[in-house]
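Just so it is clear, the model here is predicted, and its values are computed rather than measured.
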Amino acid sequence: MEIMKERKKVMPDVKRTAAVITVSDKGFRGEREDTSGPALCAMLSEAGWDVVYTAMVPDEQDLIAGELLTCADERQLALVLTTGGTGFSPRDVTPEATLRVVERLCPGIPEAMRAESMKITPHGCLSRETAGIRGRTLIINLPGSRKASTENLAAVLGAVGHGVDMLQSQGSADCASEAVRSAGVPSMDQWMREARQDPQSGKVGMYIVHNGVVRETARSRVREGNQQARAVTGMQFSCDQAKAAEAVEEARRMEGVYYVRAWVNEGRLRVGDDIMKVLIGADIRPHAIQALETLVGALKNRCVTETELYDD
């Protein structure tokens, strides 16, 4: 009943979108059925969350971190849960992958989960799960077993909902200003720093950037030579984030490409505002240029809807 009460409190402008990432070598190889992932999805759905993405990855830091970046930066989901890889085994690296990605830690969440686990078993203190924020996305690690993961989530789900509401909406003045700074137009300098820390960076011979902005010259004047077209004062812009994520994955699979990052703006934009940013890292210039042109073209043609605005 508490979960249902919490659901009614969600503000209209808050989107409670979620992803569940299962981390398991055996699950990835098809040697073990994933029971924790579906159980967490069911819990979230019952509590009013819209689970829009699930994935299974092996216990590899790079792959785990990649999924988290996709969910936070490209899909821009409100909540990402991982299940698995939080123990003492040498292959348990989910917390380390998470720490590579998050910008701000949320230590109270894993503390509360471990405290709840300790009521059930003294081994609860051995779980190494962590939690943190990237932009406006909250990322939480959960244990790998169905029982432990659902018990842990149940212990914090109400508080997590409130935290995500604050992160996604205006919230208090201090919280809102920090969230907006973190979730606004990304810093290309920060992207480059993160790209150079990527394990594949040693294979990259060129980074190439695209930064699209709203221009005042109408599309019909540029493309069709219509000299009578009025000057643009802004643009209404929206993006299908799921299709954008697919386009990014397609670019990652292109020959010689080792790093791909993309961000697409949304809402009512003014002249000079950023529309999208794309960063490609590839072995040689032709591969970098081809990947950039392909990805930007896919984003413009398949993923975004734009309407030019004019002064009346």
Next on the checklist: Would the distance check show the side chain of Thr83 and the main-chain N or O of Gly37 forming a donor-acceptor pair, the cut-off being under 3.5 Å?
Outcome noted: no

Checklist entry - Do the side chains of Cys303 and Val264 get nearer than 4.5 Å, heavy atoms only? => result no

Next on the checklist: For the CG atom of Leu69 and the CZ atom of Arg261, what is their distance to the nearest 0.5 Å?
Outcome noted: 5.5 Å

Item to check | Taking every non-hydrogen atom, the tightest pair across Pro143 and Thr86 | outcome: CA-OG1, 3.6 Å

Checklist entry - Under the 3.5 angstrom rule, does the side chain of Arg32 hit a backbone N or O of Lys26 as a donor-acceptor pair? => result no

Checklist outcome for this item: Separation between CH2 (Trp191) and OG (Ser187), nearest 0.5 Å, reads 9.5 Å

Checklist entry - Do the side chain of Arg134 and the main chain of Val101 share a donor and acceptor less than 3.5 angstrom apart? => result yes

Item to check | Side-chain (Arg16) to main-chain (Gly161) donor-acceptor, under 3.5 angstrom | outcome: yes

Next on the checklist: Would you say that Leu68 contacts Thr82 through its side chain, given a criterion of any heavy-atom pair below 4.5 Å between the two side chains?
Outcome noted: yes

Item to check | Asn265 and Ile275, any side-chain heavy atoms less than 4.5 Å apart | outcome: no

Checklist entry - CD of Glu33: more than 12 outside heavy atoms within 6.0 angstrom? => result no

Checklist outcome for this item: Minimal heavy-atom distance between Leu299 and Ala244, with the atoms involved, is CD2-CB, 3.8 Å

Checklist entry - Do Met113 and Ile140 have side chains that get closer than 4.5 Å, going by heavy atoms? => result yes

Item to check | Electrostatic pair Glu96:Arg128 at N-O distance under 4.0 angstrom | outcome: yes

Checklist entry - Can you check whether Leu44 reaches Leu79 side chain to side chain, under 4.5 Å on heavy atoms? => result yes

Checklist entry - Take atom CD in Glu250; do more than 12 heavy atoms of anything else shown fall under 6.0 Å from it? => result yes

Checklist outcome for this item: Output for pair (Thr22 OG1, Ile64 CD1), nearest 0.5 Å, gives 11.0 Å

Item to check | Test item: Glu266 side-chain N/O and Cys239 main-chain N/O as donor-acceptor pair under 3.5 Å | outcome: yes

Checklist entry - Under a 4.0 Å N-O cut-off, is there an ion pair linking Glu116 with Lys119? => result yes

Next on the checklist: Less than 3.5 Å apart, any donor N or O on the side chain of Thr94 or Asn141 sitting next to an acceptor on the other?
Outcome noted: no

Checklist entry - With a 3.5 Å cut-off and no angle check, do the side chains of Tyr259 and Glu194 form a donor-acceptor pair? => result no

Next on the checklist: Quick check for you: to the nearest 0.5 Å, what is the distance between Tyr53 atom OH and Ile21 atom CD1?
Outcome noted: 5.5 Å

Next on the checklist: I'd like to check Val260 versus Met254 (side-chain heavy atoms, cut-off strictly below 4.5 Å). Are they in contact?
Outcome noted: no

Item to check | Working for side chain to side chain contact (heavy atoms under 4.5 Å, CB included), residues Arg100 and Gln197 | outcome: CA-CA 10 Å; Arg100 283 172 49 180; Gln197 295 172 358; over 6 Å; no

Item to check | Donor-acceptor under 3.5 Å (Ser201 side chain, Asp198 main chain) | outcome: yes

Checklist outcome for this item: Closest non-hydrogen contact found for Gly234 with Val271 is N-CG2, 4.2 Å

Checklist entry - With no hydrogens and no angle check, is any side-chain donor or acceptor of Asp25 less than 3.5 Å from a backbone partner on Asp59? => result yes

Next on the checklist: Can you tell me how far apart CD (Gln61) and CG (Leu63) are? Round to the nearest 0.5 Å.
Outcome noted: 10.5 Å

Next on the checklist: Under 4.5 Å between side-chain heavy atoms, counting indirect links through other Ile/Leu/Val/Met/Phe/Trp/Tyr residues: same cluster for Val296 and Val304 or not?
Outcome noted: yes

Checklist entry - Could you walk me through whether Val23 and Glu67 pass the side chain to side chain contact (heavy atoms under 4.5 Å, CB included) check? => result CA-CA 10 Å; Val23 182; Glu67 285 290 343; over 6 Å; no

Item to check | Val278-Met188 co-clustered via ILVMFWY side chain contacts under 4.5 Å | outcome: no

Checklist entry - What are the two closest non-hydrogen atoms of Ala131 and Ile109, and how far apart are they? => result CB-CB, 4.1 Å

Item to check | Arg75 side chain to Leu77 backbone, donor-acceptor under 3.5 Å | outcome: no

Item to check | Connected via hydrophobic side-chain network under 4.5 Å: Val102 and Leu167 | outcome: no

Checklist entry - Are any non-hydrogen side-chain atoms of Ser36 and Leu142 less than 4.5 angstrom apart? => result no

Next on the checklist: I'd like to know if the side chain of Glu74 reaches the main chain of Ala262, judged simply by a donor and an acceptor atom lying under 3.5 Å from each other, with no hydrogens or angles considered.
Outcome noted: no

Checklist entry - Linking I/L/V/M/F/W/Y whenever their side-chain heavy atoms sit closer than 4.5 Å, directly or via other members, would Ile280 and Val209 fall into one cluster? => result no

Item to check | Main-chain N/O of Ala78 paired to Thr137 side chain as donor or acceptor, under 3.5 Å | outcome: no

Checklist entry - Atom CG in Leu157, atom CE in Met43: separation rounded to 0.5 Å? => result 6.0 Å

Next on the checklist: Assess the residue pair Glu151 and Ser117 against the criterion (side chain to side chain contact (heavy atoms under 4.5 Å, CB included)); give the C-alpha distance rounded to whole Å, side-chain angles, the decisive distance to 0.1 Å, and a yes or no.
Outcome noted: CA-CA 8 Å; Glu151 288 173 349; Ser117 294; 5.6 Å; no

Next on the checklist: Contact between Trp263 and Asp274 at the side-chain level, heavy atoms closer than 4.5 Å - yes or no?
Outcome noted: yes

Next on the checklist: Could you report the tightest heavy-atom contact between Thr150 and Ala39, atom names first, then the distance?
Outcome noted: CG2-CB, 3.8 Å

Checklist entry - Are Leu40 and Val51 joined in one hydrophobic group, where the rule is that I, L, V, M, F, W and Y side chains link up if heavy atoms are under 4.5 Å apart? => result yes

Item to check | Smallest separation among heavy atoms of Val257 and Ala291, with atom names | outcome: CG2-CB, 3.6 Å

Item to check | Evaluation steps, side chain to side chain contact (heavy atoms under 4.5 Å, CB included), between Leu295 and His210 | outcome: CA-CA 10 Å; Leu295 178 54; His210 170 81; over 6 Å; no

Checklist entry - If you count the non-hydrogen atoms of other residues, nucleotides and ligands that lie under 6.0 Å from CZ in Arg146, is the total more than 12? => result no

